[in-house]
S.K.: 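Here's a structure for you.
Below, chains carry the letters A, B, ... as their sequence lines are ordered, and counting in each starts from 1.
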Amino acid sequence: MQSVRIPEVTDDPSVDIALDTVAKGKQALVFVTSKRSAEKTAEDIARKLKGKQEGLARQLLTALSRPTKQCERLAKCASRGAVFHHAGLAQKQRDLIETAFREGKLGVIVCTPTLAYGVNLPSFRTIVKSVKRYESGRGLRWIPVLEYLQYAGRSGRPDFHDDHGEAVLIASSEPEAEELLERYVHGQPEEIYSKLAVEPVLRMHLLALIASGTVRSTSSILSFFERTFWAHQFKDMDKLTTVVDRTLRRLEEWGFITMASSDFVSADELEERGVRPTSLGMRVAQLYLDPLTAHQLILGLGSHRGLSAFAALQLLSSTLEMRPALRVKVKEYDLIQDALLQHHDKLLVEEPTLYDEEYDAFLASVKTALMLHEWTEEKDEPYLLETFDVRPGELKVKLQTADWLLYAMVELCKLLGFKELLAELMKIRVRLEYGVREELLPLLKLKGIGRVRSRQLFAAGFKTVGHLKAAPAGALERVLGEKLGQSVREQLEGKTPREQKPEQQASLSGY
DNA sequence: GGACGGTGAAACTTCAGGTTGCCTC
DNA sequence: GAAGTTTCACCGTCC
């Protein structure tokens, strides 16, 4: 076997190989299995590089309205030509990095699996620093061969006239090198398995089939599933029948479907019965909610009539859709317990006892709710990163999902006649979208006015549209600048109203 | 004698990502 | 299970 010597500059071979790649005038992607490791490895590499990418560094630093610690670290690395890349970065930063790498401005990207899927970002070398990843409850696990192949597949840039690429696996010893060679280089990729029989998946598909009228009886349900990949793969309809049966009963219990009573019962087959969606079931299917989530939301919304923003956020934070909820770290226990104590009596979800298995998950939902709530209290990204260890990219994803669930909650309330909750839910939704306190809502009606400017206006004494209309000449311009001040003035005169979502209008019109 | 700083070992803590989902102007 | 971070004990130095 041919061997190549790489100069040893540090005690980390992946750093040395990355540096060697840059020294050859080529680029490298380094794959690691945690965000923290990505950041540290990138810093180790950057420290030894002498790139000059001040422009890129500045762009990365100022991607948010106020830079987080993460932004600062990223910018510092980038200025020398190496960066980290993971789901915690703001989308803008990811885009900047990907473009800069394609343009050859960056020598090295150290990343978690983010760059292995979706993004097409080839490099001369890919370096897989670690092939073991922690899975909760299972300890360290080998990453799948398929994942390794995704990594290795990123090496070589034919567009840049590379005649070959190099994929490097890092081993800590000779025996481990043998094992990696065996397992990953010569190994077979895993089989692909159908996940249809996994309950949440089946729940959704089953309700969708019934709601769309594709199936109307238990027998047509089974004959549908007989033709799926799941049945093809496992050839075990008995198991699927059992799961289908159980799921149907649950959907009926939850009020999403009705089943005609049956005259005959056979022991090992599903009883032949007619199946129809209820109007609630139809809506749940349209909303693409997991029926279990819909059920939990309905229970929660129905349990109390006085709805607090925190309680609503905690309710949605405890659903499957919001997973993974934010893990509560040791040093955060007090913070979470305080929040719990404060909001305890208004919660819509029953608190498990300390000894319950799901207690950790409950605390995680409280932490998630608390984080979202702080966002609606106008806390910014640097604060959320410091306080909850939530990075900007992760915040964005959570906000998106929460927005969708709030919409779903509104729709469910309409259908269930919980009219008194509607206004509050809509208000929370807008507050979450913009990250503002309730007092700013009236100002958000204006185009060009968001979280920051509405706060500026409010601080300057313009608290309502009425105040704005009564503003003396030049006053708005002093707060907002010439152009925007002018635009707001025109909007107030009714020339160019902001396009609005109907929910927003409904929720804002009350002010 | 005590404050301070540096060092290294031990103890402690944490651990990927994503797709679409709704509606609408 | 391992990497990375924090804590702590220990020692030497300086005022």
Side-chain angles (χ1 to χ4, degrees), chain A residues 11-12 14-15 31-44 84-89 91 94 110-119 128-144 146-148 150-151 170 172 176 195 200-201 203-205 207-208 211 282-291 293-294 297 316 319-324 326-333 360 364 389 391 393-394 396-398 400-412 414-415 425-426 429-430 433 447 496-507:
Chain A
D11 53 6
D12 182 341
S14 61
V15 172
F31 287 97
V32 297
T33 52
S34 77
K35 294 198 266 281
R36 197 164 59 171
S37 163
E39 293 173 10
K40 182 170 180 291
T41 309
E43 282 175 333
D44 289 347
F84 52 89
H85 186 294
H86 54 58
L89 301 190
Q91 188 58 46
R94 292 207 226 179
V110 186
C111 57
T112 55
T114 28
L115 283 186
Y117 304 91
V119 190
V128 184
K129 185 176 177 181
S130 166
V131 285
K132 286 183 177 169
R133 180 165 47 228
Y134 176 83
E135 281 177 35
S136 92
R138 313 217 289 168
L140 279 192
R141 313 276 302 179
W142 296 100
I143 62 169
L146 278 171
E147 190 173 322
Y148 164 73
Q150 281 290 342
Y151 295 162
I170 308 284
S172 58
E176 196 191 333
K195 290 213 163 65
V201 178
R203 265 195 311 253
M204 289 196 64
H205 285 297
L207 184 59
M282 294 279 276
R283 197 72 188 102
V284 169
Q286 281 169 359
L287 290 168
Y288 275 83
L289 282 178
D290 176 348
T293 294
L297 293 181
L316 66 85
T319 63
L320 227 56
E321 277 84 348
M322 282 292 279
R323 280 197 190 167
L326 304 178
R327 250 177 54 93
V328 178
K329 298 175 185 179
V330 176
K331 62 172 182 186
E332 295 166 342
Y333 252 80
D360 277 352
D389 201 24
R391 299 166 170 88
E394 297 158 332
K396 196 81 182 179
V397 174
K398 292 285 178 249
Q400 240 172 32
T401 312
D403 179 63
W404 164 49
L405 288 172
L406 277 168
Y407 172 77
M409 282 159 86
V410 167
E411 293 302 301
L412 291 173
K414 283 182 191 165
L415 217 56
L425 285 172
M426 289 170 175
R429 191 170 172 217
V430 183
E433 181 185 351
K447 198 172 167 183
T496 48
R498 178 183 201 146
E499 323 90 56
Q500 293 255 320
K501 302 176 183 179
E503 286 86 354
Q504 222 166 291
Q505 250 156 5
S507 69

S.K.: Listing time: all N or O pairs from protein to nucleotides 15-22 of chain B that are below 3.5 Å?
M.R.:
residue: B:dC15; atom: OP1; partner: A:Lys329; partner atom: NZ; Å: 3.3
residue: B:dC15; atom: OP2; partner: A:Arg327; partner atom: NE; Å: 3.1
residue: B:dA16; atom: OP1; partner: A:Lys35; partner atom: N; Å: 2.9
residue: B:dA16; atom: O5'; partner: A:Thr33; partner atom: O; Å: 3.0
residue: B:dG17; atom: OP1; partner: A:Ala87; partner atom: N; Å: 3.0
residue: B:dG17; atom: OP1; partner: A:Thr112; partner atom: OG1; Å: 2.9
residue: B:dG17; atom: OP2; partner: A:Lys35; partner atom: NZ; Å: 2.6
residue: B:dG18; atom: OP1; partner: A:Arg94; partner atom: NH1; Å: 3.1

S.K.: Would you name the heavy atoms of A:Ala285 and A:Ala208 that are closest together and state the gap between them?
M.R.: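 Scanning both residues completely, I find the closest heavy atoms to be CB-CA, 4.3 Å.
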
S.K.: P atom, B:dG17 versus C:dG4: distance in rounded Å?
M.R.: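 Taking atom P in both B:dG17 and C:dG4, they lie 16 Å apart.
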
S.K.: Please give me the minimum heavy-atom distance between A:Pro200 and A:Asp290, naming the atom from each residue.
M.R.: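 A:Pro200 and A:Asp290 have their closest heavy atoms at CB-OD2, 3.8 Å.
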
S.K.: Between C:dA3 and B:dA16, how far apart are the two P atoms, rounded to whole Å?
M.R.: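 So the two P atoms sit 14 Å from each other.
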
S.K.: What is the distance, to the nearest angstrom, from the CG atom on A:Leu406 to the C1' atom on B:dC23?
M.R.: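 One finds 14 Å between C1' of B:dC23 and CG of A:Leu406, rounded.
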
S.K.: Could you give the start and end, 5' to 3', of the contact zone on DNA chain C for chain A, using atoms under 4.0 Å from its heavy atoms?
M.R.: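 Result: C:dG1 to C:dT5.
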
S.K.: Check salt bridge (charged side-chain N to carboxylate O under 4.0 Å, His left out) between A:Glu39 and all other residues, then give those that pass, not counting sequence neighbours.
M.R.: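 A:Glu39 satisfies salt bridge (charged side-chain N to carboxylate O under 4.0 Å, His left out) with A:Arg73, A:Arg391 once adjacent residues are dropped.
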
S.K.: Tell which nucleotide pairs with C:dA9, taking only Watson-Crick or G-U wobble pairs whose two distances are both under 3.5 angstrom.
M.R.: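 Partner of C:dA9: B:dT7.
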
S.K.: Tell me every residue that passes salt bridge (charged side-chain N to carboxylate O under 4.0 Å, His left out) with A:Lys329, counting only those two or more places apart in sequence or in another chain.
M.R.: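 Applying salt bridge (charged side-chain N to carboxylate O under 4.0 Å, His left out) to A:Lys329 gives A:Asp389.
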
S.K.: Residues in salt bridge (charged side-chain N to carboxylate O under 4.0 Å, His left out) with A:Asp44, at least two apart?
M.R.: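 A:Asp44 satisfies salt bridge (charged side-chain N to carboxylate O under 4.0 Å, His left out) with A:Lys40, A:Arg47 once adjacent residues are dropped.
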
S.K.: Applying ring pair (Phe, Tyr, Trp, His ring centres under 6.0 Å), name anything that partners A:His85, two or more places apart in sequence or on another chain.
M.R.: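 For A:His85, no residue satisfies ring pair (Phe, Tyr, Trp, His ring centres under 6.0 Å) once neighbours in sequence are set aside.
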
S.K.: Minimum heavy-atom separation for A:Leu289 and A:Met204, please, with both atom names.
M.R.: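 The answer is O-CE, 3.8 Å.
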
S.K.: Could you check A:Arg323, A:Lys396, A:Glu321 and say which one makes a side-chain contact (heavy atoms from CB on, under 4.5 Å) with A:Thr401?
M.R.: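 Of the listed residues A:Arg323, A:Lys396, A:Glu321, the side-chain contact (heavy atoms from CB on, under 4.5 Å) partner of A:Thr401 is A:Glu321.
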
